[in-house]
Amino acid sequence: MGKKVTVGAAVIGGAAVCAAAAFIVRCRMQQNSNPVSKSGDIVKELEEHCATPVSKLKQIADAMTVEMHAGLASEGGSKLKMLITYVDNLPTRDEQGVYYALDLGGTNFRVLRVQLAGKSGIEYKEFAEVSIPPQLMVGTPEALFDYIAAELNKFISSESEKFRHPSGRQRELGFTFSFPVLQLSIDSGTLIRWTKGFSIQDMVGRDVVAELTKAMDRQGVDMRVSALVNDTVGTLAGGKYDNKDVAVAVILGTGSNAAYVERAQAIPKWHGPHPKSGEMVINMEWGNFKSSHLPLTEYDNTLDAESLNPGEQIFEKMISGMYLGELLRRVLYRMANEVALFGDTVPPKLKTHFILRTPEMSAMHHDTSPDLNVVGDKLKDILEISNTSLSTRKTVVEICNILATRGARLAAAGILGILKKTGRDSFRDGELPNTVIAMDGGLYEHYSEYRNCLENTLNELVGEKLAKHVKLILSNDGSGIGAALLAACHSQYI
Ligand code: BGC
């Protein structure tokens, strides 16, 4: 009996395979008779679907402004979380002493210490960067935090004498945790959800400071977390320390997000005491922005559906470093299947999700050699595709350009949304305020085509007159230093 069942299953299995094969043949036939059959047609279609004319970008900026209002009105009022950060004062350069920071938010984490010397600024800084073993990104909270606390412990023990930490004082830490967190105070907050490839489900809903503190206790680290901050908030604080006109911070790295200084009165969901400064920093979590105006393509939709967080972080999936290379892979994969871009067989490596990273895409996009040798080498080294023709390489660069241009232009539209919400896009009392936007993240820093396109688009969107008053500055390292500065502002000893 058992045997029969097995045979029956095998027969059904065989039938299913045949049906599937017939289906694939049918699909191929349909594809071949599809108007989108030539490589140029697929690229043209992509270009059309990714188009971001100024009129569309303005609609997106307006939609961003509307969602900002909704997110500030009530908790859960919008896809934009508009999180209250409990940072109502940014550093003033009165901060003094030794402070630590821990910056966790991507595949690496950084630990750093600074010696702050009041008006003279940062006297010394030292840091160490440690990569996170991939299994810890999807394991348990204890394993991740124990690993971090152990590395922190090593770093503390290397503190030299030039850092003048007064004996008898507990060391203090600013913790940059670059994921959406619902804060209840400056030094506590629960994880709303993971992004960027992290997925430790037991951690969601838990207080990240409590978890880190427990791990530090287990590892024998005597340190107090005095500020919990998002990387955007750290960047804003670090940027403001250097330039008083900094009012917005944007991260374009593995993930993407923005924070800005809001008037406390413009935050209806804030029921706490009115801050003396009259202001509150808001962590927008703009990566989760979604609007019917966004130029979404079939590649975005399948990337999202197959991601660790379907339906979430749609804006981030269109503009940030974690996903641009993967979008490129998806377009190339379709072209390999449908128009034999790389010859008769589909290169097997091209099936591997996330095999094409954005730094490699950037290297191909920036290839200026006449034969596009960099593109040829990357295709060979990463995807094991050799002997590509010049026209194939040109096609690859064209796709890089379409995807990077769309990402950069959308990011510019997001910034315009913030300028509009804060009234920084128009005259105030007859004057145009200066707005400096502190930018950080590897995508912005290293992908110069993307960065230039973003800057040009922002100028185009705001117009010549306003463009003179809006400046983007690279605030390298800002998020870690900013966290140390905020730890100083919220020290238990002041
Ligand atoms: C996170 C944000 C973070 C951004 C940049 C996003 O995925 O949700 O909290 O600021 O990445 O690191």
Side-chain angles (χ1 to χ4, degrees), residues 67 71 78-87 101-110 129 132 137-138 174-183 189-200 203-204 208-209 227-239 248-260 281-290 303-304 307-324 326 354 358 407 410-411 414-415 418 437-447 450 454 474-480 482-483 486:
E67 292 302 320
S78 161
K79 289 287 269 179
L80 278 191
K81 289 252 168 288
M82 303 300 285
L83 297 166
I84 290 168
T85 62
Y86 290 82
V87 174
L102 171 66
D103 195 340
L104 172 69
T107 42
N108 292 333
F109 73 91
R110 285 155 68 87
E129 188 155 337
I132 303 177
M137 291 161 68
V138 291
F175 182 18
T176 308
F177 184 74
S178 309
F179 300 95
V181 164
L182 188 65
Q183 288 196 239
T190 56
L191 175 63
I192 298 173
R193 73 174 103 81
W194 290 105
T195 56
K196 299 179 285 199
F198 278 71
S199 181
I200 305 173
M203 191 58 215
V204 175
V208 289
V209 173
L228 170 66
V229 299
N230 186 263
D231 51 355
T232 51
V233 179
T235 302
L236 191 63
V248 180
V250 173
I251 305 282
L252 286 160
T254 308
S256 181
N257 190 11
Y260 72 104
V281 173
I282 296 292
N283 165 15
M284 291 176 61
E285 286 297 332
W286 87 359
N288 204 34
F289 172 66
K290 199 176 170 185
L303 180 149
D304 175 48
S307 69
L308 282 174
N309 50 354
E312 306 289 346
Q313 303 294 105
I314 300 297
F315 194 52
E316 174 165 279
K317 286 170 182 162
M318 300 176 86
I319 69 172
S320 85
M322 174 153 174
Y323 302 100
L324 286 177
E326 171 61 6
F354 292 97
T358 303
L410 290 177
I415 295 176
I418 303 175
I437 304 170
M439 307 290 300
D440 202 2
L443 179 63
Y444 181 81
E445 188 180 354
H446 302 298
Y447 201 144
Y450 186 107
L454 191 164
L474 176 67
S475 172
N476 213 338
D477 226 13
S479 66
L486 289 168

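Both ligands and their constituent atoms are indexed starting at 1 by order of listing. Side-chain atoms are counted along with the backbone in the values below, which use heavy atoms only and exclude waters and symmetry mates. Numbers for residues simply follow the sequence, beginning at 1.
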- prompt: In ligand 1, which numbered atoms sit nearer than 4.0 Å to a non-hydrogen atom of Thr195?
  reply: 1 (C), 6 (C), 7 (O), 8 (O)

message: Can you name the atoms of ligand 1, numbered from 1 with element, that are less than 4.0 Å from a heavy atom of Phe179?
response: 9 (O)

Is the closest side-chain heavy-atom distance between [X] and [Y] below 4.5 Å?
X      : Y      : value
Asn288 : Arg193 : yes
Asp103 : Ser178 : yes
Leu83  : Glu285 : yes

- prompt: Between Val229, Asp231, Ile251, which one has a non-hydrogen atom sitting closest to atom 12 (O) of ligand 1?
  reply: Asp231

message: Let's go through Thr176 and Arg110 carefully: what are the C-alpha distance in whole Å and the side-chain angles of both, what is the deciding distance for side-chain contact (heavy atoms from CB on, under 4.5 Å) to 0.1 Å, and is it a yes or a no?
response: CA-CA 10 Å; Thr176 308; Arg110 285 155 68 87; over 6 Å; no

Among protein heavy atoms, which sits nearest to [atom], and what does the distance come to when rounded to 0.1 Å?
atom                    : answer
atom 8 (O) of ligand 1  : Glu285 OE1, 2.7 Å
atom 6 (C) of ligand 1  : Glu316 OE1, 3.0 Å
atom 11 (O) of ligand 1 : Lys196 NZ, 3.2 Å

Answer with yes or no whether [X] contacts ligand 1, where contact means a heavy atom under 4.0 Å from a ligand atom.
X      : value
Gln313 : yes
Gly105 : no
Gly287 : no

Flag, side chain of Tyr450 to backbone of Ile319, donor-acceptor distance under 3.5 Å: yes

message: Tell me whether Ser320 contacts the main-chain N or O of Thr254 through its side chain, where contact means a donor paired with an acceptor under 3.5 Å.
response: yes

- request: Answer side chain, backbone, both or neither: which part of Asn230 comes under 4.0 Å from ligand 1, heavy atoms only.
  value: side chain

task: Report the part of Ser320 in contact with ligand 1, treating N, CA, C, O as backbone and CB onward as side chain, heavy atoms under 4.0 Å; options are side chain, backbone, both, neither.
output: neither

task: Taking atom types as modelled, find out whether Asn283 and Asn257 have a side-chain donor-acceptor pair closer than 3.5 angstrom.
output: yes

ring-ring contact (aromatic ring centres under 6.0 Å, His included) partners of Phe177, counting only residues at least two apart: Phe175, Phe179, Trp194

